[in-house]
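Every number for a ligand or one of its atoms is a count from 1 in the order of the listing.
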Amino acid sequence: MDIFYNSTRNSDVKVKASEAILKGLADDGGLFVPQSVPALDIDMDTLKDMNYKEVAYAVMSKFFTDFTEDELKHCIDSAYDEKFDTEEIAPLVYADNAYYLELFHGATIAFKDMALSILPHLLTTSAKKNNVKNDIVILTATSGDTGKAALAGFADVKGTKIIVFYPKNGVSPIQELQMVTQKGDNTFVVGINGNFDEAQTGVKKMFNDKELAKALDDAHFQFSSANSINIGRLIPQVVYYVYAYANLYANEKIKKGEKINVVVPTGNFGNILAAFYAKNMGLPIDKLICASNENKVLFDFFKTGTYDKNREFKLTSSPSMDILISSNLERLIYLIADKDSDKTKALMSALTNDGKYSITPDMQKKLDSFYGNFANESETAEEIKRVYEDCGYIMDTHTAVASAVYGKYTKETSDNKTTVIASTASPFKFTRSVMNAIDSKYDSFGDFELVDELSKLGNVSVPKAIEEIRNADIRHKTVCDIDKMEDEVKKFLSI
Ligand SMILES: *Cc1c(COP(=O)(O)O)cnc(C)c1O
């Protein structure tokens, strides 16, 4: 069956998958959603023998129906290759009564690699299918993680260039090193004398600049975005939930059809929405446990039915979840509003104008497969220490939020179903917070000393992504003021 994509703010909009991927966001500001979530009509006895790429094809071919088999397989083969440090791509590790689904074995050791390693190929294929002749220029502002994952994904992909702006004094030393050492002739990284919001504003301005778009087009370029609301980032994330279930079944940890719970450390609501899509495809998932840090907008939303971003923004040790507007939640709102795009649009306008909205009791009833809770900073640190001391397994701060929330859930409900916890970053990415949680003596250690200590303590080798930046050449040294961002883009593109 052909699947088309509607806008959450206008159901009359109907485009093919490749068009939705190229556009990213609908013209009305809505997000693209599949007209219906396709059924996973492949038997678990078949899925259990498949490798990651095969499961990826089984799942994505149901959503991206305008891609040919060759096109989609080419995208999948180009993404899930030796950039990952394990052939399993997304291994399951049992510790402390749950299965940690390690989504951090890609190029930048965080879960964004799962989607950003395939997005460039989905984008270039979509461009070809839609007769776009221009090269795609990805323009991004980053507060750390997304920028590097996008750089790694797009590096040396033919027909693309990528430009990343980051706040010169606003990212961690490891994050900065990861970006400024990025290889690939089509990559360009610029530090700005300003904060993340200013970088973001500068990028948005360029996206909306008609004159600049014309100059780009004359030189056979066009801008695109690697933003997490792109359907080309969401669908690849459905794959690993199916893969994890098939893995549990293959290893006789669950019976066929047995329901499992899934716990996801959540920020922009993309990862957990992918799990919800997997459930809607028919994967036997019972509860979707949504874990927040101290920025607990989602916990309050699930509890009260009111989404309210008017509150203090907190900087935590799980920075990728420090978010007050979870953009992907709009897709869930659309579904629980029975695909009523006018209703969805009204709620999103309220969010823009008043910073909040409330859903109806009817809509709230449809959220019964979700459970929300949060972990504060000390609970998160204690969880890292506890699991390390009990099982020797060392997790990162984001995963620890999920793990701590899972503990609260089981205490509250006594539900002891087999549970998968999405492990979204390697502890090597957040070494200082992780090591300090285990013992405060590490406070005085240097960044790479901590890396070596963590390797010893956890009995795991240092990931390639970290080894590489230890001695890598600095390739990107450009720093500019915020009013010079456009000049830097033009210089890089020679326009
Ligand atoms: C982006 C990110 C998250 C949040 O994922 P969403 O899809 O935005 O909810 C959690 N953990 C890490 C390490 C991340 O990079």
Are any of the N/O atoms on [X], whether in the backbone or the side chain, positioned under 3.5 angstrom from an N/O atom of ligand 1?
X	result
K112	yes
D396	no
I323	no
F269	yes
T424	yes

What atoms of ligand 1 come closer than 4.0 angstrom to any heavy atom of [X]?
X	answer
A425	13 (C)
P265	4 (C), 10 (C)
G270	6 (P), 7 (O), 9 (O)
T266	9 (O)

Aromatic ring proximity, centroids under 6.0 angstrom, [Y] and [X]:
X	Y	value
Y241	Y245	no
H398	F430	yes
F428	F104	no
Y243	Y240	no
Y393	Y388	no

Test item: side-chain donor near acceptor, E87 and Y52, under 3.5 Å =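 Absent: no donor and acceptor within the cut-off.
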Taking atom types as modelled and ignoring hydrogens, do the side chains of T399 and D396 form a donor-acceptor contact shorter than 3.5 angstrom?
->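 A pair is found: one side chain offers a donor N or O, the other an acceptor, under 3.5 Å apart.
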Which residue supplies the protein heavy atom nearest to [atom], what is that atom called, and how far is it?
atom	answer
atom 9 (O) of ligand 1	G267 N, 2.8 Å
atom 7 (O) of ligand 1	N271 N, 2.9 Å
atom 6 (P) of ligand 1	N268 N, 3.5 Å

Have a look at ligand 1 and work out which part of F111, if any, has a heavy atom under 4.0 Å from it: side chain, backbone, both or neither.
->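 Just the side chain.
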May I ask you to decide whether E377 forms a salt bridge with K314, counting only side-chain N to carboxylate O separations under 4.0 Å?
->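 No.
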Pick from E330, K339, R331: which one makes a side chain to side chain donor-acceptor pair (under 3.5 Å) with T8?
->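 By the side chain to side chain donor-acceptor pair (under 3.5 Å) criterion, T8 pairs with just one of E330, K339, R331: E330.
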